[in-house]
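Here is the structure we will look at.
Residues take their numbers from the sequence shown, with the count starting at 1. These numbers come from the heavy atoms of this one structure, side chains and all, not from hydrogens, waters or symmetry mates.
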Amino acid sequence: MKVGIINVTGYTGVELARLLYQHPQVELASVTGRSAAGQKLAEVFPHLAGIELTIEAELGKVDFVFSAMPHKESAKEIMPLLEKGVKVIDISADFRLKDSAEYERWYGFSHPAPQLLKEAAYGLPELYRAQIASAKLVANPGCYPTGAILALAPALKANIIKGDIIIDSKSGVSGAGRTITLPTHFSEANEDTAAYALEGHRHLPEIVQELGKLCPQPPSVSFVPHLVPMTRGILTTCYAPMAKKIGEKELKQLYTDFFKDAPFVRLTDSPPHTKHTSGSNLCLVYPTIDQRAGRLIVISCIDNLVKGAVGQAVQNMNLMLGLPETTGLEAMAVYP
């Protein structure tokens with residue numbers, strides 16, 4: 001199976017190239033990147049020296065495509081591929097939301113292919129494994145939504161919490177992408193932590209959309225992201241009032257049962273660290289109850305570039321190709 005990457009020159013594109021090169025069942029056959037077209041991939045990214053590919057302006061002949069284009073641009077690139085029968089995983093946000101009007105509100109553009117929004121499978125395998133396996137187009141989830149949804153899904157599905165949810169997330173700087181901006185400049189980000197997008201982050205409608213499918217009443221969600229001075233990782237802490245009184249043992253069993261068939265979700269016995277997931281496709285989850293306040297607290301931890309982006313994309317590809325879900329993704333975290 002020959003696969004291609006549209007826009008290999010961003011952080012998600014280059015991390016995807018690394019994972020696909022190591023995958024035993026596919027061949028990375030073509031990569032594009034207009035800003036670096038004509039250059040050898042290993043010249044632009046020396047750590048990929050084993051991949052003997054030239055970055056092209058347009059894709060060569062491939063059977064399967066990952067689009068790592070920016071939002072709005074990705075949909076335009078994908079549509080002709082789908083018409084040719086090529087299966088596609090979109091790593092941008094262009095097919096995550098089911099309501100096309102939400103793109104105008106949150107992303108500032110009119111969606112060019114609203115008819116495809118209902119067809120696209122939401123690429124969170126722990127919730128939509130069957131839909132992903134039969135899909136021609138998969139919308140890879142955002143990094144923040146991945147951590148938040150996996151943290152809260154078991155509790156919402158079991159109806160043990162009320163719908164007033166607070167999600168506090170802290171992300172490494174790579175989550176902002178490779179383009180240089182003032183907030184991610186080393187001198188600005190180093191030795192500093194700050195909240196941002198309090199008026200509403202673009203990932204909020206995605207979180208609300210998916211959490212709303214898990215419970216009878218759409219939850220009220222406050223989401224506050226923070227930028228922290230590290231390269232990789234997202235630590236998410238979720239808070240919600242309990243709808244019924246249960247003990248710690250029952251809570252842990254509930255989460256264990258929910259994720260029993262999820263090879264990349266692991267429950268931890270203590271609050272996880274971002275370093276525990278760096279470079280891996282793992283999502284670590286730690287649920288507990290503040291009995292004094294009657295509140296559920298769930299902490300999740302992922303590598304934003306792997307389980308939060310391209311590792312999850314490869315996991316989805318495996319399902320779409322009928323391969324074992326874990327193929328090419330069993331590497332342990334890098335520590336320290």
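Within the model, atoms CD1 of Ile246 and NZ of Lys252 stand 10.5 Å from one another, a figure rounded to the nearest 0.5 Å. To the nearest 0.5 Å, atoms CD1 (Ile302) and OG (Ser169) are separated by 8.5 Å. Annotation: the span from Leu20 atom CG to Gln25 atom CD amounts to 13.0 Å, rounded to 0.5 Å. Rounded to the nearest 0.5 angstrom, Gln315 CD and Thr326 OG1 are separated by 9.0 Å. In this structure, the separation between CG on Leu53 and CG on Leu48 is 10.0 Å, given to the nearest 0.5 Å. To the nearest 0.5 Å, atom CG of residue Leu150 and atom SG of residue Cys283 are 4.5 Å apart.
A donor-acceptor contact shorter than 3.5 Å is absent between the side chain of Gln131 and the backbone of Tyr122. Checking side-chain atoms of Asn318 against main-chain N and O of Leu323 turns up no donor-acceptor pair under 3.5 Å. Distance alone, capped at 3.5 Å, is enough to place a donor-acceptor pair between the Asn316 side chain and the Gln312 backbone. Checking side-chain atoms of Ser280 against main-chain N and O of Ala333 turns up no donor-acceptor pair under 3.5 Å. Looking at Arg202, its side chain does come within 3.5 Å of a backbone N or O of Trp106 through a donor-acceptor pair. Put simply, the side chain of Arg129 gets close to the backbone of Asp261: a donor and an acceptor are under 3.5 Å apart. The backbone N or O of Asn7 sits less than 3.5 Å from a side-chain atom of Thr32, completing a donor-acceptor pair. Counting only distance, with no hydrogens or angles, the side chain of Asp94 and the backbone of His71 share no donor-acceptor pair below 3.5 Å. Judged purely by atom type and a 3.5 angstrom limit, Lys307 has no side-chain atom pairing as donor or acceptor with the backbone of Gly147. Gln22 places a side-chain N or O within 3.5 Å of a backbone atom of Arg18 that can act as its donor or acceptor partner.
Considering every non-hydrogen atom in both Leu254 and Ala155, the closest pair reads CD2-N, 4.2 Å. Considering every non-hydrogen atom in both Glu248 and Pro287, the closest pair reads OE1-O, 4.1 Å. Counting all heavy atoms, side chain and backbone alike, Asp168 lies closest to Tyr239 at CB-CE1, 4.5 Å. Looking at every heavy atom in both residues, Val8 comes nearest to Ala17 through CG2-CB, 4.1 Å. For Ile165 against Pro219, the heavy-atom pair with the smallest separation is CD1-CB, 3.9 Å. In this structure, Asn140 and Gly123 approach most closely via the heavy-atom pair OD1-O, 4.4 Å.
Every residue two or more places apart in sequence or in another chain was checked for a ring pair (Phe, Tyr, Trp, His ring centres under 6.0 Å) with His23, and none qualifies. In this structure, the ring pair (Phe, Tyr, Trp, His ring centres under 6.0 Å) partners of Phe109, at least two apart in sequence or on a different chain, are Tyr103.
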Original post:
Between Val138 and Asp90, is a side-chain contact (heavy atoms from CB on, under 4.5 Å) present by the stated rule, with each step listed?
Top reply: CA-CA 6 Å; Val138 168; Asp90 182 24; over 6 Å; no

Original post:
So Arg34 and Thr9, side-chain contact (heavy atoms from CB on, under 4.5 Å) or not? Walk me through it.
Top reply: CA-CA 9 Å; Arg34 291 170 188 169; Thr9 54; over 6 Å; no

**OP:** Please lay out, stage by stage, how Thr231 and Ser174 fare under the test side chain to side chain donor-acceptor pair (under 3.5 Å).
**Re:** CA-CA 5 Å; Thr231 301; Ser174 63; over 6 Å; no

Original post:
When you look at Ile5 and Leu28, which way does the side-chain contact (heavy atoms from CB on, under 4.5 Å) test go after all the steps?
Top reply: CA-CA 8 Å; Ile5 302 171; Leu28 180 58; 3.8 Å; yes

Subject >> Derivation and outcome, salt bridge (charged side-chain N to carboxylate O under 4.0 Å, His left out), residues Arg232 and Asp303 >> reply: CA-CA 6 Å; Arg232 291 174 180 249; Asp303 182 321; 2.9 Å; yes

**OP:** Just do the side-chain contact (heavy atoms from CB on, under 4.5 Å) check on Val306 and Leu282 with the steps written out, would you?
**Re:** CA-CA 8 Å; Val306 188; Leu282 289 175; over 6 Å; no

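Under the 4.5 Å side-chain heavy-atom criterion for ILVMFWY residues, a single connected hydrophobic cluster contains both Met320 and Leu19. Tracing side-chain contacts under 4.5 Å through hydrophobic residues (I, L, V, M, F, W, Y), one reaches Val88 starting from Val314; they form part of the same cluster. No continuous path of ILVMFWY side-chain contacts below 4.5 Å connects Ile297 to Leu284, so the two sit in separate hydrophobic clusters. Cluster membership for Leu319 and Phe259, using ILVMFWY side-chain heavy atoms within less than 4.5 angstrom, is shared. Cluster membership for Ile149 and Val224, using ILVMFWY side-chain heavy atoms within less than 4.5 angstrom, is not shared.
Under a cut-off of 6.0 angstrom, the local environment of NZ in Lys136 is sparse, with at most 12 non-hydrogen atoms contributed by other residues, nucleotides or ligands. Shown here is Gln217, whose CD atom has no more than 12 heavy atoms of other residues, nucleotides or ligands within 6.0 Å. Other residues, nucleotides and ligands contribute only 12 or fewer heavy atoms inside 6.0 Å of the CG atom of Asp269. Residue Lys87 places its NZ atom among more than 12 non-hydrogen atoms of other residues, nucleotides or ligands, all under 6.0 Å distant. For CD1 of Ile180, the number of neighbouring non-hydrogen atoms (other residues, nucleotides, ligands) closer than 6.0 Å is 12 at most. Counting non-hydrogen atoms of neighbouring residues, nucleotides and ligands closer than 6.0 angstrom, the OH atom of Tyr21 reaches no more than 12 such neighbours.
Between Leu137 and Glu119, every side-chain heavy-atom pair lies at or beyond the 4.5 Å cut-off. Put simply, the side chain of Thr237 does not reach to within 4.5 Å of the side chain of Val298, judged on heavy atoms. With contacts defined as side-chain heavy-atom distances shorter than 4.5 Å, the pair His276/Cys301 does not qualify. With a 4.5 Å cut-off on side-chain heavy atoms, Phe95 and Leu117 count as touching. In this structure the side chain of Pro336 reaches within 4.5 angstrom of the side chain of Lys275, judged on heavy atoms. Inter-residue side-chain proximity for Val26 and Phe64 is flagged as unmet; no heavy-atom pair is nearer than 4.5 Å. The side-chain heavy atoms of Ile161 and Leu152, taken from C-beta on, include a pair separated by under 4.5 Å. Side chains of Lys162 and Asp164 form no contact here, defined as non-hydrogen atoms less than 4.5 Å apart.
Ring-plane geometry between Phe45 and His47 is classed as perpendicular, the angle between the planes exceeding 60 degrees on a 0 to 90 degree scale with a lower cut at 30.
Among residues at least two apart or in separate chains, ring pair (Phe, Tyr, Trp, His ring centres under 6.0 Å) pairs with a member in residues 125-181 are Tyr144-His201, Tyr144-His203, Tyr144-Phe223.
The existence of a salt bridge linking Lys98 and Glu210 is excluded, since no basic side-chain nitrogen approaches an acidic carboxylate oxygen closer than 4.0 Å.
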